[in-house]
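Written out below as C-alpha cells is the structure these notes cover.
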2 protein chains.
Amino acid sequence: MTATLADVAARARVSPATVSRVLNGNYPVAAATRERVLRAVDELDYVLNGPASSLAAATSDLVGILVNDIADPFFGIMAGAAQSEIGGGPGAREKLAVVCNTGGSPERELTYLTLLQRQRAAAVILTGGALEDPGHAAAVAAKLGRLAEAGARIVLCGRPPLVLPGAGAGTGVRPAVAATLTFDNRGGSRRLTEHLLALGHRRIGYVAGPEERTTTRHRVEGHLAALADAGVAPGPLVHGSYDRRSGYDATLELLRLDPSLTAVVAANDTVALGACAALRDRGLSIPDDVSVAGFDDLPFSTDAVPALTTVRLPLYEAGARAGRLAMGKEPVPPGGIATVHGELMVRGSTGRTRA
Amino acid sequence: MTATLADVAARARVSPATVSRVLNGNYPVAAATRERVLRAVDELDYVLNGPASSLAAATSDLVGILVNDIADPFFGIMAGAAQSEIGGGPGAREKLAVVCNTGGSPERELTYLTLLQRQRAAAVILTGGALEDPGHAAAVAAKLGRLAEAGARIVLCGRPPLVLPGAGAGTGVRPAVAATLTFDNRGGSRRLTEHLLALGHRRIGYVAGPEERTTTRHRVEGHLAALADAGVAPGPLVHGSYDRRSGYDATLELLRLDPSLTAVVAANDTVALGACAALRDRGLSIPDDVSVAGFDDLPFSTDAVPALTTVRLPLYEAGARAGRLAMGKEPVPPGGIATVHGELMVRGSTGRTRA
DNA sequence: CCCTCGATAGAAAGCGCTTGCTACAGCTGT
DNA sequence: ACAGCTGTAGCAAGCGCTTTCTATCGAGGG
C-alpha cells in the first residue's frame with residue numbers, strides 16, 4: 001500500500017494537519033518539527049495524493065497547453081517555452097504543465113477543454129490559429145467562460161482575441177480570457193509581399209493554409225492588401241493543409257493555373273519547402289525562375305537550399321511569455337491584448353525578376 | 001458555484017449514486033432514469049469533478065507521455081501518434097493524454113514522474129533515448145516501480161529495456177514496465193555505414209549526439225561495428241547536441257581534424273542539416289566532395305537539397321503502438337519487448353567517392 | 001506576579017465522488 | 001398464493017487531504 005499523510009504523521013509523531021502544513025509551506029511550523037516531518041516523508045517515500053489534495057483545496061496544479069499539431073515545431077517551440085516557465089516555480093507548489101494535441105480537430109479541442117475543466121486546471125493556454133466556424137467559436141468561448149469561472153487563468157498565444165459577449169469594459173463581468181498574445185500575421189504577410197513587389201514580381205501565386213482558420217485568413221489578407229496598395233492584381237490562390245505535401249501539390253496546381261508565375265508565397269515554412277520541391281521537380285530554379293517565401297522562420301528554414309525568405313515569429317519568446325502570464329508571473333498587457341510582430345527575413349529564396 | 005453530483009441528483013429526482021452510475025456506465029440503470037439524469041446533466045452544464053472522482057475511485061484518467069524535446073518532430077510525431085490512440089476510447093471513460101517535456105534534463109524527468117505519480121496516472125509512456133548515468137537510471141527505475149505498484153501501466157518507446165532488479169522471470173515480482181518498444185539503432189546505423197562503405201568511402205567522420213545517451217551510444221556502436229567488419233579505421237568523432245547548430249559546429253571541427261573526409265554521418269537528420277550547411281559554407285559540394293547521412297527520416301529530410309540519405313524509423317507507428325499498449329488495447333509482445341527496425345533510405349546526399 | 005499575545009500544534013468538519021450492501025418492487029414457478 | 005428471483009435504486013461509509021477553529025505553551029508588559 002501507498003503511504004498516506006496519516007502514516008507520515010504517525011511516524012513523525014505529529015498530526016496530519018502539521019504534515020500538510022509542512023508540505024504546503026503556507027503556515028508557520030517550527031523548524032524542528034518540519035525537520036522531523038520531512039525525514040518521515042523521505043523514509044516512507046511519501047508522495048502526496050494529488051486528487052485528494054486537489055479535492056480538499058479545490059484547486060489543482062495542472063496547466064494545460066493546447067496545440068493544433070504537436071509534430072509541428074511551430075507549436076512545439078511555443079509549448080516547450082511555455083512549459084519551461086511553468087514547471088517548478090521556486091517556492092510555489094510544483095505545477096504540471098501538460099500539452100494536449102488537438103490535431104486541429106474542433107471536437108478534440110472541446111474534449112480537451114472539458115477534460116481540463118474536469119481536472120480543475122489552474123490555467124489553460126491555447127496556441128495557434130483558431131477555427132472560424134461561429135458555432136465552434138461560441139462553444140469554445142462558453143467553455144473558456146466556465147473554466148475561468150472555476151478559477152482557471154486562460155491565455156491565448158498566437159491566436160486572435162476572443163470576443164466574449166457580456167465581457168466588455170464596465171460591465172463588471174470579469175473577462176474569461178486573462179491575456180491574449182496575438183501574432184501580427186497580417187502585417188508580416190504584407191511586408192513579405194511588399195518585398196516581393198519591390199523585387200519586381202507581379203505574378204505571385206499563393207499557397208494558403210486550411211480554410212476557416214484565422215491564421216490562414218489573416219496572412220492572405222495581408223498579402224492581398226499589399227497587392228491592392230501596389231495596384232497589382234492577385235495571382236492564383238490554392239488552399240491546403242499546413243504540411244509539405246500540401247505545399248507540393250498546391251504549387252503544381254498554381255503552376256497549372258498560371259505558368260508565368262514568378263513568385264510563390266506559402267502559408268508557412270513547411271509548406272514552402274513542399275513548394276520548392278515542386279518547382280525543382282518542374283525544372284524551375286529558385287530564385288532565378290521563381291522566388292519562394294515562407295512564414296514563421298522555423299529552424300530548418302535557414303538550412304533550405306536556397307535559404308528561405310520568410311517572416312520570423314518570436315515563437316519561443318511568445319510561448320514563454322504565455323507561460324508566465326498563465327502563472328501570473330507577468331503583468332497582463334494593457335487591455336489584456338498584446339500584439340507580437342514578425343520580422344521579415346530576406347534570404348536566398350527570393351530574388352529580382354529577370355529583366 | 002459549479003454544480004455537483006448532488007445538484008444533478010436533486011434535479012433528476014434520484015440519488016447521487018444513480019447519477020454516478022449513469023455517468024460511469026458500469027451498473028444497470030433503467031433507460032428512463034438514465035434519460036432523466038442525462039437531461040439534468042445537460043441542463044446544469046455539469047462536469048464531473050475529476051479530483052473527487054479520482055480520489056473515490058482510486059484511479060485517474062491521466063496518461064503521461066514524457067518526451068526529451070517537444071520542439072523536435074522526432075518526439076512530436078511519436079507523442080501525437082500515442083495521443084491519438086489514447087484520447088477517447090469508445091465506451092471507456094475519456095482519458096487525458098498529456099505530454100510532458102523533460103528537455104533532456106534528468107531532474108525534470110524525475111519531477112514529471114513524481115508529478116504523474118502524485119496524480120495517480122493511469123499510464124506513463126517514456127519516449128526516446130535514456131540517460132546512461134547509473135544513479136539516474138536507478139532513480140527512474142525506482143520511480144517506475146512505484147508508479148507500477150500504484151497501478152500505472154508503463155510503456156517505453158524508442159528506449160532500451162530497463163533492467164529491474166528482482167523482476168526476473170519466476171520471481172513472482174510483476175515487472176514495473178509493461179512493455180518496451182526499442183529501436184534498432186545499432187542495426188540501422190550499421191546498415192547506413194555499410195552503404196557508405198559500399199560507395200567507396202574510407203574516411204568517414206561522425207557527428208555524434210549527446211554523450212551518455214543510449215541512442216547516441218547505440219548509433220555509434222553500429223557505425224563502428226560496420227567499420228570494424230570492413231577492416232576500415234574509424235574516422236574522427238565529435239559529440240554535440242541534437243540540433244542543427246551543433247551539427248554545423250561539429251562538422252567544421254571534423255573537417256579540421258581530417259580535411260580529407262569523404263563522408264559525414266550525423267546523429268540524426270537535424271544534425272545532418274547543420275552538417276550540410278557547414279560543408280557548403282566550406283565550399284564543398286554534396287555528395288560530390290562529401291557525402292552526408294542522417295538518421296530518423298523526419299519529414300523535412302526528403303526536402304533537403306540534395307535529399308538526405310537516412311534511416312527511416314517508423315515513429316508514427318511506434319508511437320501509436322505505445323499508445324495502444326498503454327491503454328491495454330494491444331497484447332504485450334512476448335517477453336514484454338519488441339524491436340522496431342529502421343529502413344535505409346538512400347537518397348541524393350550520398351554518392352560514390354571520386355575515382 | 002498575573003494577564004495577554006504570538007507562535008505553533010491538534011481536532012474535526014468537510015471537499016465531491018464511488019461502491020458495497022441493503023431494500024423493494026414486480027415476476028415467475030410450483 | 002407464496003418463496004425466491006431479477007432488476008433498480010438508495011444508504012452510507014469512506015477515499016486522503018486542507019483548513020478553520022481551538023488549545024496550549026512561553027514570554028513579555030502592566
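Letters A, B, ... are given to chains in the order of the sequence lines, protein chains preceding strands, and every chain is numbered from 1.
Nucleotide C:dT8 holds its C1' atom 12 Å from the CZ atom of A:R36, rounded to whole Å. If you take CG of B:D7 and C1' of C:dC15, they are 14 Å apart, rounded to a whole angstrom. Between B:L23 atom CG and C:dT18 atom C1' the separation is 12 Å, expressed in whole Å. Straight-line distance from the CZ atom of A:R118 to the P atom of C:dC15: 21 Å, rounded to whole Å. Atom-to-atom, CG of B:L5 to C1' of C:dT18 comes out at 9 Å; the value is rounded to the nearest Å. The separation between B:L55 atom CG and C:dG14 atom P is 17 Å, rounded to whole Å. Summarising the geometry, the separation between CG on A:L48 and P on D:dT18 is reported as 5 Å, rounded to the nearest angstrom. A straight line from CG of A:N24 to C1' of D:dG16 spans 13 Å, rounded to a whole angstrom.
Phosphate contact (OP1/OP2 of C:dG16, side-chain N/O of B:T4, threshold under 4.0 Å): absent. Between B:N49 and C:dC15 there is no side-chain polar atom (N or O) within less than 4.0 angstrom of OP1 or OP2. In terms of phosphate contacts, A:T18 brings no side-chain nitrogen or oxygen within less than 4.0 Å of OP1 or OP2 of C:dT8. Of the side-chain N and O atoms in B:S15, none sit less than 4.0 angstrom from OP1 or OP2 of D:dA9. Of the side-chain N and O atoms in A:T33, one or more sit less than 4.0 angstrom from OP1 or OP2 of C:dA9.
Summary of the strand contacts: A:R21 and B:A57 both lie near DNA chain D, and taking for each the nucleotide with the nearest heavy atom, the more 5' one is attributed to B:A57. If you find the closest nucleotide of DNA chain D to B:Y27 and to A:Y27, the one lying nearer the 5' end belongs to B:Y27. Mapping B:A6 and A:A30 onto DNA chain C via the closest heavy atom, the residue that lands nearer the 5' end is A:A30.
At a threshold of 4.0 angstrom between heavy atoms, the contacts of B:A17 include nucleobase atoms, whether or not backbone atoms are also involved. Residue contacts for A:V19: at a heavy-atom cut-off of 4.0 Å it reaches no nucleic acid atom on any strand shown.
A distance-only check finds no donor-acceptor pair linking the side chain of B:T180 to the backbone of B:L156 [under 3.5 Å]. Looking only at distances, no side-chain donor or acceptor of A:N68 sits under 3.5 Å from a matching main-chain atom of A:F75. Judged by distance alone, with hydrogens and angles left aside, the side-chain atoms of B:N24 form no donor-acceptor pair with the main-chain N or O of B:N26 at under 3.5 Å. Remark: the backbone N or O of A:P51 is not paired with any side-chain donor or acceptor of B:R120 at under 3.5 angstrom.
One finds a salt bridge joining B:E109 and B:R159 here, because a Lys/Arg side-chain nitrogen approaches an Asp/Glu carboxylate oxygen to under 4.0 Å.
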